[in-house]
Amino acid sequence: MLDTDIQSSSTPLGDGPLHRRIHQALRERILDGEWPPGLRLPSESALGTLFEVSRITIRQALGALQKEGLIYSQQGRGSFVSRPKAVQNVTRLQGFAEQMGAYGYEVRNRLLALAEVPADQKVASRLGLSKGAPVVEIRRLRLLDREPVSIEFTWLPLDIGRQVARADLALRDIFVILENDCARPLGEADLALDAVAADAELAAHLKLPEGAPLLRVERLTHDKSGQPLDYEFLYFRGDTFQYRFQVGRGPSSVE
């Protein structure tokens, strides 16, 4: 990551409270591309010297930038310009590469693990199997424009899983493989989202400090007949990705 040259291209301050003027000056550098994604901002002390203000004022300005998602902080390392977040619309059932490719991103996968394992109680219940029944487990790191953005843990019934395992998992979505190679058109998916802290393994693969926040998506996908087919946990970097929903206000199903 590059460090900023705080002497270059200084932005004149406008009117208003001082911390807001500094926030706006820094914000313009980021939005204009003068400070690109991944670049480390000057220290609070250096910014205080540049703008001739106290560190408290600088912290207020940086806090506003962080709330906007324009910067993020790493303990002991400072503040960095955030990358624009990739967005996946979940109002339509699509694979990661299907949707991101349509937006012009380069998507690659790194296969971390592929094995036949006995289903634990949760996997078995979600796939409609007996506990201990053999399933295929696939773990992949998803790369967006060659940067790690998510890890997926996938479990498939044994017969389908063996067919999927023969496909090119480095380049293709599992959804596409299920429909095209396995002739299993997909129907609907159940999703649940929550926030979790990255453990050591997830943090290492996603190039994050241990404990960094992740968006976790639990997804159970059914085929057209309603048969559960694909059970997954997807872990996304919170600083690079967001899920987007569109909802309407209709009659409530709860009396």
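The analysis underlying the following values was restricted to heavy atoms, covering all of them including side chains, and did not include hydrogens, waters or symmetry mates.
- Between P228 and G128, the closest heavy-atom pair is CG-N, 4.4 Å.
- Here the side chain of S43 pairs a donor or acceptor atom with the backbone of A46 at under 3.5 angstrom.
- Applying the ring-ring contact (aromatic ring centres under 6.0 Å, His included) test to residues at least two apart or on different chains, the pairs with a partner in residues 131-173 are F153-Y235, W155-Y231.
- Counting heavy atoms from C-beta on, the side chains of L234 and T154 never come closer than 4.5 Å.
- Not a single donor-acceptor pair under 3.5 Å links the side chain of R40 to the backbone N or O of G78.
- In this structure the side chain of L129 never reaches within 4.5 angstrom of the side chain of L158, judged on heavy atoms.
- When side chains are defined from C-beta on, L47 does not count as touching E44, because their heavy atoms never get closer than 4.5 Å.
- Proximity of L18 to F51: side-chain heavy atoms (C-beta onward) are nowhere separated by under 4.5 Å.
- Annotation for A61 and H19: closest pair CB-O, 3.5 Å, computed over non-hydrogen atoms.
- Here the straight-line distance linking atom CZ of R142 with atom CD of E147 works out to 15.5 Å at 0.5 Å rounding.
- In terms of heavy atoms, F80 sits closest to L41 at C-CD1, 4.0 Å.
- Once rounded to the nearest 0.5 Å, the distance linking CD of Q227 with NE2 of H222 reads 8.5 Å.
- By the 4.5 Å heavy-atom criterion applied to side chains, L171 and R108 are counted as neighbours.
- Side-chain contact between L214 and I151 is absent, with no heavy atoms from C-beta onward closer than 4.5 Å.
- Between the CG atom of L202 and the CG atom of L208 there is a distance of 9.5 Å, given to the nearest 0.5 Å.
- For the atom pair CD (E152) and CZ (R219), the distance works out to 8.0 Å, reported to the nearest 0.5 Å.
- For T49, there are no side chain to side chain donor-acceptor pair (under 3.5 Å) partners two or more places apart in sequence or in a different chain.
- Nearest heavy-atom pair across L156 and I138 is CD1-CD1, 3.9 Å.
- In this structure, R126 pairs ionically with E218, as a charged nitrogen and a carboxylate oxygen lie closer than 4.0 Å.
- Between T221 and L229, every side-chain heavy-atom pair lies at or beyond the 4.5 Å cut-off.
- Among residues at least two apart or in separate chains, there is no ring-ring contact (aromatic ring centres under 6.0 Å, His included) pair with a member in residues 110-141.
- Closest approach of H205 and P148 over heavy atoms only: O-CB, 3.6 Å.
- Taking OG from S79 and CD1 from I58, the interatomic distance works out to 11.0 Å, rounded to the nearest 0.5 Å.
- In this view, S225 and D223 satisfy the side chain to side chain donor-acceptor pair (under 3.5 Å) rule, not counting sequence neighbours.
- Scanning all heavy atoms of the two residues, the minimum distance from N109 to L169 falls at ND2-O, 3.1 Å.
- For the pair R172 and D181, the salt-bridge criterion is met [side-chain N within less than 4.0 Å of a carboxylate O].
- Residue pairs meeting the salt bridge (Lys or Arg N to Asp or Glu O under 4.0 Å) criterion with at least one member in residues 189-205, sequence neighbours excluded, are R139-E201, D194-R216.
- For R110, the CZ atom counts as loosely surrounded, since its 6.0 Å shell holds 12 or fewer non-hydrogen atoms of other residues, nucleotides or ligands.
- You'll find the side chain of V81 stays beyond 4.5 Å of the side chain of E34, heavy atoms only.
- In this structure, the separation between CZ on R29 and CG on L39 is 10.5 Å, given to the nearest 0.5 Å.
- When the side chain to side chain donor-acceptor pair (under 3.5 Å) test is applied to E116, the partners found at least two apart in sequence or on another chain are R162.
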**OP:** Evaluate the criterion side-chain contact (heavy atoms from CB on, under 4.5 Å) for residue pair V164 and V136; output intermediate values, then yes/no.
**Re:** CA-CA 9 Å; V164 171; V136 171; over 6 Å; no
